[in-house]
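Okay, so here's the structure we're looking at.
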Amino acid sequence: MTTIVDVTTLSIVLNGYFEDSSFITGAQPTNDDFEVFNALPQAPSADKYPHLARWYKTIANTEAPTKCEHPACGCEVIKSSNEPEPEQEDEDEDDDEDFDLFGSDDDGSEAEEIRAKIVADYKARKAQKGPLPAAKTTVVYHVKPWDIDTDLDELETKIRAIQMDGLVWGQVAKRTPVAFGIRHLEIYNVVEDEKVSVDDIVELIEGFEDHVQSVDIALMSKV
């Protein structure tokens with residue numbers, strides 16, 4: 001049976017694997033590393049797959065007994081003596097095409113065990129880390145009233161009544177002098193970026209037309 005893996009999936013799995021590992025097995029490059037290296041059609045993107053790119057660069061600059069036939073590299077790598085010569089690939093071939101990661105079953109079960117170990121370790125580490133925390137932003141609003149007679153306490157109550165999933169208002173609000181006895185209301189909240197639009201909150205505050213002249217975003221800071 002032949003193991004077929006698309007390039008994108010393989011890159012994601014390997015990048016996760018090399019986040020905590022320097023090489024496929026052990027603390028030094030082995031033939032396992034070169035087998036996986038030769039299976040990659042080109043150097044991975046350092047922006048998308050930084051850990052895989054680091055490993056790839058290390059292997060590409062590692063000397064070994066026999067000459068590497070990888071098109072993207074002039075390094076020397078270890079290859080088994082019974083490994084079949086790779087077929088010439090069309091240069092215009094799609095990089096995302098599925099390919100045979102470790103060859104056929106004629107090459108033995110060792111390559112399959114390597115692949116299974118990489119995938120299993122990656123899934124185990126991912127499960128231990130759990131889901132990533134939600135991205136959040138602290139937002140400070142400067143709410144300018146119409147005049148000195150505007151009741152800022154009432155305005156604050158109205159603003160805090162704005163509630164939605166992913167929105168938490170801060171406990172403290174300030175009354176900051178502007179000019180001619182007028183004070184603006186400085187109030188802040190923490191929002192989950194995927195759930196709450198800051199523009200929507202500004203629009204809701206400006207909807208209190210009897211109290212609010214304008215709303216400015218004084219500060220936005222990632223939590």
Side-chain angles (χ1 to χ4, degrees), residues 5-21 42-56 94-96 119-223:
V5 182
D6 70 272
V7 176
T8 301
T9 300
L10 176 63
S11 297
I12 293 173
V13 171
L14 288 174
N15 188 66
Y17 181 81
F18 288 123
E19 182 176 357
D20 300 313
S21 300
Q42 62 184 18
S45 168
D47 293 331
K48 292 183 179 179
Y49 314 111
H51 308 297
L52 174 58
R54 168 185 51 75
W55 168 86
Y56 187 96
D94 186 354
D95 288 341
D96 286 333
V119 175
D121 285 356
Y122 169 72
K123 290 181 178 180
R125 292 170 184 172
K126 189 174 181 180
Q128 289 177 355
K129 292 180 180 178
L132 295 175
K136 297 181 180 181
T137 302
T138 298
V139 187
V140 179
Y141 307 84
H142 283 180
V143 184
K144 185 177 180 181
W146 282 109
D147 52 42
I148 193 173
D149 296 324
T150 300
D151 188 336
L152 295 185
D153 291 337
E154 182 179 349
L155 175 57
E156 180 183 350
T157 300
K158 288 179 175 290
I159 292 175
R160 291 186 181 279
I162 299 173
Q163 297 292 326
M164 59 185 71
D165 186 27
L167 166 64
V168 178
W169 290 101
Q171 296 182 354
V172 179
K174 298 180 180 179
R175 280 71 170 159
T176 306
V178 181
F180 307 108
I182 297 177
R183 296 171 179 267
H184 70 220
L185 178 66
E186 181 178 304
I187 191 169
Y188 77 94
N189 59 27
V190 177
V191 300
E192 290 188 28
D193 297 345
E194 292 188 359
K195 294 182 178 180
V196 180
S197 167
V198 175
D199 290 339
D200 289 346
I201 296 177
V202 170
E203 185 175 341
L204 289 171
I205 296 176
E206 290 178 339
F208 304 128
E209 297 178 351
D210 294 339
H211 294 77
V212 178
Q213 180 180 160
S214 63
V215 179
D216 295 321
I217 302 297
L219 175 68
M220 295 183 68
S221 175
K222 292 295 182 182
V223 177

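Keep in mind it's a predicted model, so treat the numbers as computed, not measured.
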Count the heavy atoms belonging to other residues, nucleotides or ligands that lie under 6.0 Å from CD of E203, then report whether that count exceeds 12. no
Closest approach of G170 to R160 (non-hydrogen atoms, all atoms of both residues): O-NH1, 2.6 Å
The criterion is side-chain hydrogen bond (donor to acceptor under 3.5 Å, both in side chains); which residues satisfy it with R54, sequence neighbours excluded? none
Flag side-chain contact, heavy atom, 4.5 Å: E156 against I187: yes
Closest non-hydrogen atoms of H211 and T150, given as atom of the first, atom of the second and distance, are O-CG2, 3.6 Å
In V140, V191, T138, T137, the residue satisfying side-chain contact (heavy atoms from CB on, under 4.5 Å) with M220 is T137
Enumerate the residue pairs fulfilling side chain to side chain donor-acceptor pair (under 3.5 Å) with a member in residues 161-174, sequence neighbours excluded, ordered by first and then second residue. D165-K195
When rounded to the nearest 0.5 angstrom, what is the spacing between NE2 in H51 and CG in L14? 12.5 Å
Nearest heavy-atom pair of V143 and H184: which atoms, and what distance? O-CB, 3.2 Å
To the nearest 0.5 Å, what is the distance between OH (Y17) and CH2 (W55)? 10.5 Å
Do Y141 and I217 touch side chain to side chain, with heavy atoms closer than 4.5 Å? yes
Using side-chain hydrogen bond (donor to acceptor under 3.5 Å, both in side chains) as the criterion, list what pairs up with E186, not counting sequence neighbours. H142
Please list, chain by chain and in numerical order, all residues satisfying side-chain hydrogen bond (donor to acceptor under 3.5 Å, both in side chains) with D200, sequence neighbours excluded. none
If the condition is side chain to side chain contact (heavy atoms under 4.5 Å, CB included), which residues does F208 pass it with, not counting sequence neighbours? L155, K158, I159, I162, V212
Taking all atoms of both residues into account, what is the closest heavy-atom pair of P145 and I182, and its distance? CG-CG2, 4.0 Å
List for me each residue that meets salt bridge (Lys or Arg N to Asp or Glu O under 4.0 Å) alongside D153, sequence neighbours excluded, and say none if there are none. R175
Apply side-chain contact (heavy atoms from CB on, under 4.5 Å) to the pair K136 and V168, showing each step before the final yes or no. CA-CA 11 Å; K136 297 181 180 181; V168 178; over 6 Å; no
Residues N15 and P50: closest non-hydrogen pair is OD1-N, 3.3 Å
Compare every heavy atom of A46 with every heavy atom of A53, then report the nearest pair and how far apart it is. CB-CA, 3.8 Å
